[in-house]
Amino acid sequence: MSAEIQIKNLRKTYPGGVEALKGIDLEIGTGQLFALLGPNGAGKSTLIKIMTTLTRKDSGDFYIGGLNPETRFSEVQKHIGVASQENELDPGETVGHLLQFQGRLFGMTKKQAKGRAEELIRLFQLDSERNKKASVLSGGNKRRLHCALALVHKPAILFLDEPTVGMDPLARLSFWNAITALNGSDKVTVLLTTQYLEEAEKYASSMALIIDGEIHFSGTVTEFKKRVHPDENLSLEESYLAYISSLKTTEN
Amino acid sequence: MNTASKLLIVRGITKLAKQPSSPLMGFGMSLFFLLVYNAGIGGIGSLDAFGEAGYLAFIFPITIISLAMGSSAGAGQTLNADMQSGYFKRLYLSPAPRWILVVAPMLADILSSFLFTGILLAIGAIFGMPFQYGAWSVLGVLLLSILWSVTLCGFSAGIMLRTGQHQTAAIVTNAVFPLLFLSTTFLPRELIDAKWLLTVSWGNPVTYILEANRYLLGGTSPAAFLWIAFLIFTLTSAISIAYALGSAKKIKV
């Protein structure tokens, strides 16, 4: 499997001396649904911000689809889709307009953008909302639209930073159906951060555990569970909590 | 220019057209100045110091200046609205060059300033204002208006981007406002008694844009003011754009 995302010794220190990333090495293969897990403040969002060109790294290298974002910015932007923690919607525009405008920004013709908007409206079950302004949508529908916008240009890599926060169970289910369909049929590589570990366990093929700016584990979910408790069949959440607790015990 | 950049420029103009409070406020303020000053003290235009052009041609430049002052916060407010909603981050992640995210709303501001200046000139013409050099006068006034507008809205957008607070977009207007009174705004140099005010007015850039406009409209000021004004405001426009673009690099998305 070729690496869609390659990260080599990536470091980032924020003003004030907080070391957010302490030399991250990671490879994520094409078509993987990869979960990046860790406690709050571990460095997950910083890592995603650097990979999506929102924040600059201090040192190290990373490649997105084999491209260096520092020299091939525009190509990388077309290669990735990002749905971050907060909704990024223009409240004064309608669902249909926002989706079409996003398509046009990524170089689609008017006809292509309209067609793609319709596909995503169906995929994310936003049919009855298409003419409503983003400001009047329910929280769940705002979240769906936010995620749909990240997919308009059919990115090869999708960064999902806690994407299902604020969604009700039904919306979460339809969201994951859409994502797994893209991951399965279109081989979209997905890098996910989430605090809902049952989602990671259910949908992710591989994972990495980042704590305090360092990668503690990288491999499959099953491998992680076996590493924490080789003899017991624990859930990912139980294994994760056990691992974090063991670290605290060691520190003490 | 790529499609994404063009779309963002159109979006900036559309946003301003949908929420035109800022340019309309500037236009209203300008019209108010024009009507009130001309009606209230227009009679002094018969003094020799005003020449044959009368008070209307003398006071008109202040309406052009106050137009951009009233509307210069528009770009900053558009940027602020996008940042508050988070939509700026989505645009930031598009393939559009990042500088266009800042320049697009500025262009909308400048376009609106250009249009409203045109309307003001038309109103002035109806009231009988002279255009000393015909179409060249109109062109010159419009060009000076654009440079003045670029200067104000660039600084306004830059300050807003650095502070992240929409209230600060009006700082530039507040900072420039006193300069209006430290110049030959209401009376020609010959009728101002205070020596200190005359001295200060030479160092005040507003003086040069006022007098340049007076050269173009009534022909009451020397041509040198026009060239100095173009020089000053081309320079301030360049600095202002550089400041706005530099501020864009400091945004934390």
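Letters A, B, ... mirror the listed sequences (proteins, then strands); counts begin at 1.
For the residue pair Ile50(A) and Phe62(A), the shortest heavy atom distance occurs at O-CZ, 3.3 Å.
Of the two parts of Asp90(A), the backbone and the side chain both hold a non-hydrogen atom closer than 4.5 Å to a non-hydrogen atom of chain B. Contact of Lys6(B) with chain A is not made at all, since no heavy-atom distance falls under 4.5 Å. Using a 4.5 Å cut-off between heavy atoms, Leu105(A) contacts chain B through both its backbone and its side chain. Contacts between His153(A) and chain B at a heavy-atom distance below 4.5 Å are absent for every atom of the residue.
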side-chain hydrogen bond (donor to acceptor under 3.5 Å, both in side chains) between Ser145(B) and Thr117(B), intermediate numbers included
CA-CA 7 Å; Ser145(B) 160; Thr117(B) 302; 2.9 Å; yes
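Note on Glu88(A), Glu86(A), Lys78(A): by heavy-atom pairs under 4.5 Å with chain B, the leading option is Glu88(A). Of the listed residues (Asn2(B), Thr3(B), Leu7(B)), the greatest number of heavy-atom pairs within a distance under 4.5 Å of chain A belongs to Leu7(B).
For the pair Arg98(B) and Tyr92(B), the distance from NZ or CZ to the six-membered ring centre is under 6.0 Å and the angle to the ring normal is within 45 degrees.
Using a 4.0 Å cut-off between charged side-chain N and carboxylate O, Glu93(A) and Lys15(B) make a salt bridge.
For Glu162(A), the CD atom sits in a packed shell: over 12 heavy atoms of surrounding residues, nucleotides or ligands are nearer than 6.0 Å.
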